[in-house]
Asker: 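Provided herewith is a single structure, encoded as structure tokens, for subsequent inquiry.
A quick note: this is a predicted structure, and the numbers were derived from the prediction, not measured. Excluded from the calculations below are hydrogen atoms, water molecules and symmetry mates; all remaining heavy atoms, backbone and side chain alike, are included. Below, chain A is the first sequence line, B the second, and so on; all start at residue 1.
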There are 2 protein chains.
Amino acid sequence: MDKSILKKVNLFSDLNDDELEKIYSHSTIKKFNKGEMIFFETEPYNGFYIVIEGSVKIFKISKDGREHVIHFIFPTNTFAEAPLFEQYDKIIREEFTYPANSMALEDDTKLILIRSDVFYGILEKNKNISLKMLSGLSKKLRHLNNHIDSISQGVSKGLAIYLLKELEKSGNKDKNIIELQISKHDLASYIGTIDETLSRCLKKFQENKVISVKGKTIHILQKSVLEKTVKL
Amino acid sequence: MDKSILKKVNLFSDLNDDELEKIYSHSTIKKFNKGEMIFFETEPYNGFYIVIEGSVKIFKISKDGREHVIHFIFPTNTFAEAPLFEQYDKIIREEFTYPANSMALEDDTKLILIRSDVFYGILEKNKNISLKMLSGLSKKLRHLNNHIDSISQGVSKGLAIYLLKELEKSGNKDKNIIELQISKHDLASYIGTIDETLSRCLKKFQENKVISVKGKTIHILQKSVLEKTVKL
DNA sequence: CGTAACCTTGATTAAGATCAATTCTCGTGG
DNA sequence: CCACGAGAATTGATCTTAATCAAGGTTACG
């Protein structure tokens, strides 16, 4: 793996080459194929991950096997870093578990595992990493706030919110085209519904000429209607 | 107000008397009556709050006026601290908004407002405040993860989860009695439903002798049934 | 007491989940 | 290059849950 990827990780942007080297030499690269579990929420916590290539979903599973996706994670972003700061002593003794499940969404998904003890070592000498961590956690909190809000307001609304946010993120804002980064199944789970209902909802939007869907490519034909849907 | 309350705030537990004094002298005590808004999510962010007395709810409002409670906050806990770490420059210029709305739930709710600039001053000299902050945010993240999971699984389940968690928190674990800290309206909103549905759900549990409800007092008669409900 | 806020109840409606088939898509091997 | 098959996506019919609408009851407190 190219070591320089570490420099692109926002968390580590203030570190010098020695420190990066230290992280690099103490961490493990892990590869996963599509559908492979990275960790279960029942499993002892031993560190957090950085996505290098591919993508990952973080989700909960209810006892009946239904899954609820909480986050999607893409390259240079971290996940499962929050537990580091709860119950230090338990973490060290590996008596703490991961807060949710995670699965690779693509073949050849590459991750770096940063073990807790390695990270604590780095943190001690670089107090301002904690500021970056705070910033990262804050963003996740804000995201979850919004997510809670959106899933509790119906499928159409949740879908409209998702589409508009994706459009926002994609460079093609003018072209009004978005390319889904995830499967429709995962999208359904993310907006709090099931495959069939998502399918029907997409169909409804298409019938009203709001969007047009071809595989993972979605044209936004009437952004204004989506915006109106969001505002109910 | 008794200054010593600041010592009970976990965030400040490492500070010396000078620093506490500094915070105290630079912060504002605010009082609210039940139902009064503390801030709106449209409002410029100028600092975070500590609950001294009373209680507070954090919630989102959809355009049709429906509210969704995200958190309840009780004495010695902080709220709205996450934005401090997003976009420092914007915060300073007060170009950032609060992430949600907040309202006092009781008469004579007393809060301390810690202004952003005051806090940045303290933070600079006390790097390990940031570790406490991280710990606080991590807990909130974990809480939201669980909350998302529970609200997307039906009212009975959400209610069962809430009741069990309250039982866990209350000292009376053996007596199997819980005293609701919040109104039924807020509880309904918190578990993602409306008053009528919550009422019916409570009734259903009572008919099955799982609980008995008298005002805000709830006896848990068959904890095992609640646990089974959670596991579906 | 009286009134307002809070809570409960019943009847109805709407949204979405479930179940059961198909159809579509795409990678693989013949 | 085509045929096959598995996984993904769609469709229809039905069922369940919870939201809505509209009254009533209760409770707390001045």
Asker: Are the side chain of B:Lys57 and the backbone N or O of B:Ile182 linked by a donor-acceptor pair below 3.5 Å?
Answerer: no

Asker: Between A:Arg200 and A:Lys216, which has a closest nucleotide on DNA chain D that is more 5'?
Answerer: A:Lys216

Asker: Under a 4.0 Å N-O cut-off, is there an ion pair linking A:Lys165 with A:Glu168?
Answerer: no

Asker: Would you indicate which nucleotide in C:dC7, D:dA13, D:dA18 comes nearest to any side-chain atom of B:Lys184?
Answerer: C:dC7

Asker: Base, sugar-phosphate or nothing for B:Gly35? Non-hydrogen atoms, less than 4.0 Å.
Answerer: nothing

Asker: Starting at CD of B:Glu106 and ending at C1' of C:dA5, how long is that distance when rounded to a whole Å?
Answerer: 16 Å

Asker: Nearest to the side chain of B:Ile194, heavy atoms from C-beta on, is which of D:dA19, C:dC6, C:dA17?
Answerer: D:dA19

Asker: What is the distance from atom NZ of A:Lys140 to atom CG of B:Leu141, rounded to the nearest 0.5 Å?
Answerer: 7.5 Å

Asker: Quick check for you: among C:dC6, C:dG10, D:dT11, whose closest atom lies nearest to any side-chain atom of B:Lys34?
Answerer: C:dC6

Asker: C:dC6 P sits how many Å from B:Leu202 CG, rounded?
Answerer: 17 Å

Asker: I need the NE2-P distance between B:His185 and C:dA5, as an integer number of Å.
Answerer: 13 Å

Asker: Output the rounded distance in Å from CD (A:Glu196) to P (C:dT22).
Answerer: 16 Å

Asker: At under 4.0 Å, does any side-chain N or O of A:Ser199 touch on OP1 or OP2 of D:dT10?
Answerer: yes

Asker: Closest approach to the side chain of B:Thr193, judged atom by atom: which nucleotide of D:dA19, C:dT18, D:dA22 is it?
Answerer: D:dA19

Asker: Atom NZ of B:Lys214 and atom C1' of C:dT8: how far apart are they, to the nearest Å?
Answerer: 16 Å

Asker: Regarding B:Thr78 and B:Glu81, is there a side-chain donor-to-acceptor distance under 3.5 Å anywhere?
Answerer: yes

Asker: Does either side chain, that of B:His185 or that of B:Asp195, offer a donor lying less than 3.5 Å from an acceptor on the other one?
Answerer: yes

Asker: Round to a whole Å and report the spacing from CG of B:Asp186 to C1' of C:dA5.
Answerer: 13 Å

Asker: Mind checking A:Gly154 for me? I need base, sugar-phosphate or nothing, with any heavy atom below 4.0 Å counting as a touch.
Answerer: sugar-phosphate

Asker: Looking at every strand, decide which applies to A:Gly192 at a 4.0 Å heavy-atom threshold: base, sugar-phosphate, or nothing.
Answerer: sugar-phosphate

Asker: Which whole-number value in Å describes the distance from B:Phe205 CZ to C:dT8 P?
Answerer: 14 Å

Asker: At under 4.0 Å, does any side-chain N or O of B:Lys203 touch on OP1 or OP2 of C:dG10?
Answerer: yes

Asker: Taking atom C1' of D:dA18 as reference, at what distance in whole Å does atom CZ of B:Arg66 sit?
Answerer: 10 Å

